[in-house]
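Right, one structure below, let's go through it.
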There are 2 protein chains.
Amino acid sequence: MKKQLTDRQEEILVFIKQFREENGYPPTLREIGKKFEISSTFGVKRHLDALVKKGYLNIESNASRGISFQRDTEESQETKLFKIEDDYGFHKVPILGRVAAGVPILAEENIEGSIVVDSSFMKKSENCFALKVKGDSMINAGIFEGDLVIVSSKRDVVNGDIVVALLEDDATVKTYELKNKMIRLLPQNPNYNPIEIIDIESFKLIGKVIGIVRWLN
Amino acid sequence: MKKQLTDRQEEILVFIKQFREENGYPPTLREIGKKFEISSTFGVKRHLDALVKKGYLNIESNASRGISFQRDTEESQETKLFKIEDDYGFHKVPILGRVAAGVPILAEENIEGSIVVDSSFMKKSENCFALKVKGDSMINAGIFEGDLVIVSSKRDVVNGDIVVALLEDDATVKTYELKNKMIRLLPQNPNYNPIEIIDIESFKLIGKVIGIVRWLN
DNA sequence: CATAATAGTGCTCATTTGTTTACTGCTAAA
DNA sequence: TTTAGCAGTAAACAAATGAGCACTATTATG
């Protein structure tokens, strides 16, 4: 975490940013001084030194206008990405490989890639992910082998929804049905049989399928 | 339109861009000269003057490192969007409403919105668009009413591909088949009959379906 | 009260940096 | 052959610029 700035230091930091934005190059000590009515370059320089020490700026010594901004922390890199995602209307959603019991779903090692999804389909806070479908048990619901299903774990699931559940260490896509305190996972393919779950406690629902993406060829 | 640059000028322009990117401030004449082994600052200065005259740079006289880039034209604003699209791996694809004969497909008035598509699926040069599917004639191909099909007009179409064609002033999604100099558009639903096109000349193929996106709820 | 951190003045000095002039050499077009 | 555009050297100069010192003043903290 970066250190707290004084009001004056904050003002100056903002000015440098703006100046660079407008002019394409950073200001000199005297240009900063002029703006804030600091007549001595030394006064300005000490502010800059403080900003360097506190982790905001880099200064190349003996170079004119040698001011640059310290690389953003990873946190604010992420903030930046979110901002771009908002502006351009998309979200990056990780594509998961196998989903094994025990390991956190979104663990680094499970992520095989990512796909971009239009933000009109989901909130950025939803923490969605994508799974590649194996098998043909859902063909009558228009979900084919190789399709990517977009999954959200933060939506209510009601009867008839398509969900992803963890069955014997493997993720499965099925239609969800809760009746008489029993959960049934219904395939949408007459060649398969429904799966009945009696022990509701042990049932591991991963999330609800909110979208499907298929790519041909 | 900006004027043509010489090789040398191009090199130098690129270097300035990179330098500014890396250091946060533009280079001095001597820093440019060092890079290109131009021992005289005057040699460098004349390159910069040329870049100013040709509309690429602005130079603040008597200011150190006073180099900035001329404001982008609208054309290069688009280039900028493309760059962001490249960096973040997506494309914006327009969603078309009705597709009527006569009117250019991508005419402003046809565009109902846009959707973001992962760039691993298409090249940016492909000029794709999306269409909302009406009817259920392709359910056995996993294409349902309301799905968005992503269409490219720049791909070769072979038998078995799913295409969008213009039939009687309306766009239709069907499987394509060319046999015995006759085109047949095959629905993927036993309740519908194939459409046979005898007059190949009059056949208006809009494009090939390269992807399908469905959103649930 | 002493101490440290912050903020600033006024000044000098050494470098850095852009500007300019005079001159050389190459190539393509008129 | 002349002219124009491009590319570069060498040198000198003035202005722009960062660095540093000595000194003052305010404010918060223990």
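Numbers restart at 1 for each chain; the letters A, B, ... are given by sequence-line order, proteins then strands.
Side chain to side chain, B/Gln188 and B/Lys174 fail the donor-acceptor criterion of an N or O pair below 3.5 Å. No side-chain donor-acceptor contact under 3.5 Å links A/Ser119 and A/Glu85.
Figure legend: cation-pi geometry between A/Arg214 and A/Phe144, with NZ or CZ positioned under 6.0 Å from the six-membered ring centre and within 45° of its axis.
Nearest-nucleotide positions on DNA chain D place B/Ala50 closer to the 5' end than the other of B/Ala50 and A/Arg46. Between B/Arg65 and B/Phe42, it is B/Arg65 whose nearest contact on DNA chain C lies nearer the 5' terminus.
A/Lys45 has a side-chain polar atom (N or O) that falls below the 4.0 Å cut-off from OP1 or OP2 of D/dA19. For C/dT6, the OP1/OP2 oxygens have a side-chain nitrogen or oxygen of A/Lys54 closer than 4.0 Å. B/Ser39 has a side-chain polar atom (N or O) that falls below the 4.0 Å cut-off from OP1 or OP2 of D/dT9. Taking only side-chain nitrogens and oxygens, A/Thr6 never comes nearer than 4.0 Å to OP1 or OP2 of C/dA5. An OP1 or OP2 oxygen of D/dG18 is reached within less than 4.0 angstrom by no side-chain nitrogen or oxygen of A/Ser64. OP1 or OP2 of D/dA7 sits under 4.0 Å from a side-chain N or O of B/His47.
Within a 6.0 Å sphere centred on NZ of A/Lys35, other residues, nucleotides and ligands contribute 12 heavy atoms or fewer.
For the pair B/Phe36 CZ and D/dC6 P, the computed distance is 17 Å after rounding to whole Å. As rounded to whole Å, 13 Å separates atom P of C/dT9 from atom CZ of A/Arg30. Atom P of nucleotide D/dG5 and atom NZ of B/Lys53 are separated by 8 Å, given to the nearest angstrom. Regarding A/Lys34, its NZ atom lies at a distance of 18 Å from the P atom of C/dG8, rounded to whole Å. Counting to the nearest Å, the P atom of C/dG8 and the CD atom of A/Gln9 are 10 Å from each other. A straight line from CD of A/Glu60 to P of D/dG18 spans 12 Å, rounded to a whole angstrom. Regarding A/Glu11, its CD atom lies at a distance of 12 Å from the C1' atom of C/dA7, rounded to whole Å. For the pair B/Tyr25 OH and C/dG18 P, the interatomic distance rounds to 13 Å; values are reported in whole Å.
Checked against D/dA19, D/dA7, C/dG8, the side chain of A/Ile38 finds its nearest nucleotide in C/dG8. Checking D/dT17, D/dA7, C/dT19 against every side-chain atom of B/Asn62, the shortest atom distance belongs to C/dT19.
A donor and an acceptor atom sit less than 3.5 Å apart, one in the side chain of B/Thr41 and one in the base of C/dT19. Evaluation of atom-type donor-acceptor distances gives no pair under 3.5 Å for the side chain of A/Thr28 against the base of D/dA16.
Considering A/Leu96, A/Val173, A/Ile206 in turn, A/Leu96 is the only one that fulfils the side chain to side chain contact (heavy atoms under 4.5 Å, CB included) rule with A/Leu131.
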